[in-house]
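Here's the structure we're looking at; comments come further down.
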Amino acid sequence: MSNEPTRSVFFDKVYDLCRQIPTGKVATYGQLAKLAGSPRAARAVGMCMKTNPDAPRTPCHRVVASDGSLTGYSAGDGVSTKQLMLQREGVIFNGSKVDLQVSQWQP
DNA sequence: ATTTTGACTTAAG
DNA sequence: GCTTAAGCCAAAA
């Protein structure tokens with residue numbers, strides 16, 4: 001029984017992908033969008049996170065911008081909390097950005 | 001059904 | 001290196 005109706009295939013895939021991101025790794029919006037079925041829906045991906053408070057369910061903090069910068073995140077101190085959380089999970093940061101060369105999720 | 005917005009991305013100045 | 005512009009997708013009003 002689906003107590004939680006599928007909002008849309010796109011949403012569902014994005015959420016699923018977020019949960020597939022291993023600890024210590026990060027994915028970009030464009031990457032999730034591509035994996036979700038639309039390589040140009042990066043904006044839609046980010047919007048879905050914000051419009052859906054699935055925080056504990058979807059580790060949206062593992063999702064960063066294409067160049068490793070942390071964007072959005074309206075929890076805690078914002079990107080600061082997000083950054084610290086990622087560092088704590090083992091993600092390598094290069095200054096104020098994620099080192100995608102090392103910590104970007106590779107499906 | 002139409003319009004607006006939004007946690008994006010890429011290109012150009 | 002940073003700012004501005006345009007393009008693209010999907011959901012919410």
Side-chain angles (χ1 to χ4, degrees):
Chain A
M1 299 120 56
S2 336
N3 278 351
E4 300 179 44
T6 306
R7 295 156 173 94
S8 72
V9 190
F10 192 79
F11 267 56
D12 190 24
K13 287 202 170 193
V14 173
Y15 290 135
D16 195 32
L17 288 165
C18 286
R19 296 196 293 263
Q20 288 174 50
I21 303 173
T23 309
K25 295 278 179 168
V26 295
T28 65
Y29 293 95
Q31 185 176 358
L32 294 179
K34 182 179 177 185
L35 295 170
S38 296
R40 309 230 153 136
R43 308 167 62 167
V45 173
M47 190 188 33
C48 292
M49 302 297 189
K50 185 178 102 175
T51 55
N52 290 277
D54 292 288
R57 182 176 179 180
T58 304
C60 44
H61 61 269
R62 291 182 188 153
V63 186
V64 299
S66 64
D67 79 322
S69 315
L70 286 80
T71 48
Y73 207 70
S74 308
D77 293 314
V79 299
S80 309
T81 299
K82 183 170 171 180
Q83 179 178 348
L84 292 171
M85 182 157 39
L86 288 170
Q87 289 181 330
R88 187 157 157 261
E89 294 196 353
V91 175
I92 307 303
F93 269 75
N94 185 354
S96 53
K97 295 182 182 175
V98 178
D99 193 337
L100 296 176
Q101 298 168 78
V102 179
S103 300
Q104 182 170 29
W105 177 44
Q106 300 169 15

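Numbers restart at 1 for each chain; the letters A, B, ... are given by sequence-line order, proteins then strands.
You'll find the side chain of A/Leu70 reaches within 4.5 Å of the side chain of A/Leu86, heavy atoms only. Residues A/Leu35 and A/Pro107 are in side-chain contact: their nearest non-hydrogen atoms beyond the backbone lie under 4.5 Å apart.
With rounding to whole Å, A/Lys13 atom NZ is found 14 Å from C/dA11 atom P. Residue A/Phe10 contributes atom CZ, which lies 13 Å from atom P of B/dC8 at whole-angstrom precision. Rounded to whole Å, the distance from CG on A/Asp77 to C1' on B/dA7 is 17 Å. In this structure, A/Lys50 atom NZ and C/dA11 atom P are separated by 15 Å, rounded to whole Å. We find that CG of A/Asp12 is positioned 12 Å from P of C/dA11, with the value rounded to whole Å. Look at CZ on A/Arg40: it is 13 Å from C1' on B/dA11, rounded to the nearest Å. In this entry the distance linking CD of A/Gln31 with P of B/dC8 reads 16 Å, nearest Å. To the nearest angstrom, C1' of C/dC8 lies 12 Å from CE of A/Met47.
Under 4.0 angstrom from either OP1 or OP2 of B/dT9 there lies at least one side-chain N or O belonging to A/Ser66. Contact between the side-chain N/O atoms of A/Thr51 and the OP1/OP2 oxygens of B/dG6 is not found at any separation under 4.0 Å. Distances shorter than 4.0 Å separate none of the side-chain N or O atoms of A/Ser74 from OP1 or OP2 on B/dA7.
For A/Tyr73 against B/dA7, a side-chain-to-base donor-acceptor contact under 3.5 Å is absent. In the interface, the side chain of A/Arg43 is paired with the base of C/dC8 through a donor and an acceptor atom under 3.5 Å apart.
Within 6.0 Å of atom CZ in A/Arg40, 12 or fewer heavy atoms from other residues, nucleotides or ligands are found, so the atom counts as exposed in its surroundings.
At the heavy-atom level, A/Ala44 lies under 4.0 Å from base atoms of the strands shown. Using a 4.0 Å heavy-atom distance criterion, A/Lys34 is classed as making no nucleic acid contact.
The partner of C/dC8 is absent, by the rule that a Watson-Crick or G-U pair needs both atom distances under 3.5 Å. Under the Watson-Crick and G-U wobble criteria, each requiring two contacts below 3.5 Å, nucleotide C/dG1 is left unpaired.
Summarising the geometry, atom CZ belonging to A/Phe11 is positioned 10.5 Å from atom OG1 belonging to A/Thr58; distances are rounded to the nearest 0.5 Å.
Distances were taken from every side-chain heavy atom of A/Lys82 (C-beta onward) to each of B/dA7, C/dC9, B/dT9; the shortest belongs to B/dA7.
A/Val91 and A/Met85 sit in two unconnected hydrophobic clusters of ILVMFWY residues. Membership requires side-chain heavy atoms under 4.5 Å apart, directly or through other members.
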